[in-house]
Structures are given as C-alpha cells and as structure tokens.
2 protein chains.
Amino acid sequence: MMDKDKIKDIVRQKFTDYLTVKKCRKTPERFAILDMIYSIPGHFDMDSLNNAMNNEHFRVSKGTLYNTMQLLLDCKLVLKHQFGNSHSHYERAFNNDFHHHLICSQCGCVQEYKDNELKSMIQNKKIKRFTPSLYSLYIFGICGKCSAAMKRRKNNTK
Amino acid sequence: MMDKDKIKDIVRQKFTDYLTVKKCRKTPERFAILDMIYSIPGHFDMDSLNNAMNNEHFRVSKGTLYNTMQLLLDCKLVLKHQFGNSHSHYERAFNNDFHHHLICSQCGCVQEYKDNELKSMIQNKKIKRFTPSLYSLYIFGICGKCSAAMKRRKNNTK
DNA sequence: TTTACTGCAAATATTTTGCAATATC
DNA sequence: GATATTGCAAAATATTTGCAGTAAA
C-alpha cells in the first residue's frame, strides 16, 4: 500500500491536469475538498464530508461541494453510489482496490465485497455499440448480523 | 412469452398472498397500481406511473403510490434502480427477463444488457455471512449514438 | 482586467409524514 | 365496529440555481 501523502500528491496532480485541460480554475476550495476526500477511509456522503471540512476549519458552501464533486466524478477520482436509500454515497477511486457492494435490505449496512473473478469477467466483456468506462455491482440481501438476529427471534417464539 | 393478461393474473395472486401474510388490506388502489405497472413495457418513474394512472381515470395520491411501491418492492414484484441522475426508476420484476443496465454518461440513456454468463456467475457466488436475494449491475460508459456524434464533431474541427 | 468561482439564500425535486375521512375486514 | 389505508397538504431531505461579491489567471 502506498503512503497516504504520496497518494494525495498524485491525485492532486491528476486533478490539476484535469482542471487545466478543462480550462477550470485551480481554487483552494477544490483542492481542500479533494484532500479531505482522500483522508476519509471508506464511504462518505455530502453531509459527513461537509462536517469533516468544518472540523478542519475549511468551511465551503454546499454549492461548492456539489460543484467540486461533479468535477471529481468527471475525472474519475471519486465514485458515486446510490444504494436505494435516500442520499448518495461516495468513495475515493484512485488507489482504492476496486470492489463490489453487499447491501443489507434489513439494516441497510453496506459491505465491500472483493472478487477478482467477477471483476475481470465484467471488465472483459465486449459490448456492442457501447464503450464502458466503469461499473457498479450491488448485491442486495441479508447480512450475517440480521440473519442471526432473525434466527434468534424465531427460536424465542417457538 | 406468456400472455399479458395471464401474467397480470399471476402477479395479482402473488400480491394477494403477500398482503394476506403481512395482514395488509387488499384495496382497489393497490391492485390498480400493480395492474398499471404490469401494463408498462419497460422502465418507469413515479411521475410517468402517476400520469398513466390518471389517463386510465384511476387517480391515486402520491402517498399511496409510494406506499404501494414499497410493498411491491418487498414482495419482489417490482425492482428499483437509481442510475445517478436525480430520481428513481422502476421496472416490473416478474416474467421480465433479468438483465443488466448500460448507462450512457453523456446522454443519460439506459439500455438493457442481457448476458447469461455474467448472470449465472453472479448468482452462483457463495458469499460468507451474507444471503443474497437480488442484484443490480450498472455499466457506465458512452453509447453508440454519443460515440458517433463525438467522432463527427472531431472530424468537423479537423 | 476579465470572468470563473464562491457563498448565500431561494428554488426545485423527490419522498415522507401527520391527520381527518373512508373503506376493508 | 375497529383500524388500516386513503387523499391532501405540509414537512423533510437532497440537490440545483441565481446573483452579487471575490479571486484566479
């Protein structure tokens, strides 16, 4: 695993390049947001990102947060997910082992699920008249905890 | 392919059974919504479903629409999707060939993508401490039309 | 100096909720 | 007859937009 600061340097450079190509301005807000995102280990949503920024005493407006997130999605430094429940989830995309997602229909928890066989089969598919760039696989079901809880409840009522 | 009316009968029966088990009431609104959904060929959203109901002169409130949709999701007669753009999409689940989705990042269009090899690999995965019930695979990229349009634009500027 | 970007607040869109009236069981 | 469900309207939530001021190029 690469050093965290090194990763931040690389993504900052990638973002700089992207902003240059797109003739967008390199504002401190944008880089502060990118930095914060690459300090968060797992998933996050807009609200938790906003709170994290506030705690670091770098307040940005909601508008700027959404604006910057769109740029980061465009240049594939961030991935966006919508697991069925209300709001969007995000995660960093660079140097983050690609994974699928297991979503519990009972408690709503989300687990990462790595499976290279699946990954390579999906990525190697040749699709007619469509050029894929990325994909999301969401598997819905019942997580271990909820499954155990249900079993316990069932035994109690016996 | 089964006859459309026969399918409607079967899903109506399935919904009846579900409502009975869950001790929920069998209201005309619920069955009218189910019927309408099974009259729509492809994807739909709440707005188009609502309009379709109005055209059939069976108006139901937004609240009832969302309430009923939740029941239909629970008993797996309907599937829900969120492709990144604003609102949720739905599609009927029974007697609807399972498929994956190709989403164009440019124009936002959604195509169905059938691949049985992929389907069976995903469905046959044994996952530790997780009991899967259904899954969604979304492949994002550029559709044929947009790809052709881009190529044309590129040639024009040459 | 130009104008893209920011913060703020208001607008929009989507889904949920509270409540009185109604209809199922 | 009891109460789950409905319609309606208001509330909650998430995201987008308009605009005046600020700062990047």
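Letters A, B, ... are given to chains in the order of the sequence lines, protein chains preceding strands, and every chain is numbered from 1. Only a predicted model underlies this, so the values are computations on that prediction, with no experimental measurement involved. All heavy atoms count here, side chains included; hydrogens, waters and symmetry mates do not.
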Examine dT24(C): is either OP1 or OP2 under 4.0 Å from a nitrogen or oxygen in the side chain of Thr27(B)? Give yes or no.
no

For dT5(D), does either OP1 or OP2 sit under 4.0 Å from a side-chain N or O belonging to Asn67(B)?
no

Using the closest heavy atom to pick a nucleotide of DNA chain D for each, name whichever of Gly63(B) or Cys24(A) lands nearer the 5' end.
Gly63(B)

Most 5' of Asp47(B) and Lys26(B) on DNA chain C, judged by nearest nucleotide:
Asp47(B)

Could you tell me how far apart Met69(B) (CE) and dT5(D) (C1') are, to the nearest whole angstrom?
17 Å

What's the CE-C1' distance between Met46(A) and dT16(D), to the nearest Å?
12 Å

Quick one: which of Ile37(B), Val11(B), Leu79(B) gives a side chain to side chain contact (heavy atoms under 4.5 Å, CB included) with Leu72(B)?
Ile37(B)

Per atom distances to the Glu29(B) side chain, the nearest of dT6(D), dT5(D), dG7(C) is dT6(D)

Return the value, rounded to whole Å, for the distance between atom NZ of Lys80(A) and atom C1' of dA14(D).
10 Å

Grab the CZ-P distance between Phe83(B) and dT14(C) for me, whole Å please.
15 Å

Rounding to a whole Å, what distance do you find between Phe31(A):CZ and dA24(D):C1'?
12 Å

Using the ring centroid of each side chain, check whether Phe98(B) and Tyr135(B) are separated by less than 6.0 Å.
yes

Among dT15(C), dA24(D), dG7(C), which nucleotide has an atom closest to any side-chain atom of Thr64(A)?
dG7(C)

Considering only side-chain heavy atoms of Arg59(B), which listed nucleotide, dC8(D), dA14(D), dT6(C), is closest?
dC8(D)

When rounded to whole Å, the CG to P distance for the pair Asp45(A) and dA14(D) reads 8 Å

Please report the distance, rounded to the nearest Å, between NZ in Lys62(B) and P in dT14(C).
8 Å

Classify the nucleic acid contact of Lys23(A) as base, sugar-phosphate or nothing, counting any heavy atom under 4.0 Å across all strands shown.
nothing

Just to confirm, is there a sub-4.0 Å distance from OP1 or OP2 of dT15(D) to any side-chain nitrogen or oxygen of Tyr66(A)?
yes

Return no unless some side-chain N or O of Ser88(B) is found under 4.0 Å from OP1 or OP2 of dT14(C).
no

To the nearest 0.5 Å, atom SG of Cys75(B) lies from atom CG of Leu34(B) at 8.0 Å

Establish whether the base of dT5(D) is bridged to the side chain of Arg30(B) by a donor-acceptor pair shorter than 3.5 Å.
no

Go through dT15(C), dT2(C), dC8(C) for me and flag the one nearest to the Ser61(A) side chain.
dC8(C)

Whole Å only: how far is the CZ atom of Arg25(B) from the P atom of dT24(C)?
9 Å

Under 4.0 Å between a side-chain N/O of His87(B) and OP1 or OP2 of dT14(C), yes or no?
yes

Do His89(A) and His101(A) have their ring centres less than 6.0 Å from each other?
no

ILVMFWY network linking Met53(B) to Tyr38(B), side-chain heavy atoms under 4.5 angstrom
yes

Under the criterion side-chain contact (heavy atoms from CB on, under 4.5 Å), I'd like the reasoning laid out for Lys125(B) against Tyr113(A): C-alpha separation, chi angles, the key distance, then a yes or no.
CA-CA 11 Å; Lys125(B) 282 287 168 195; Tyr113(A) 170 54; 3.5 Å; yes

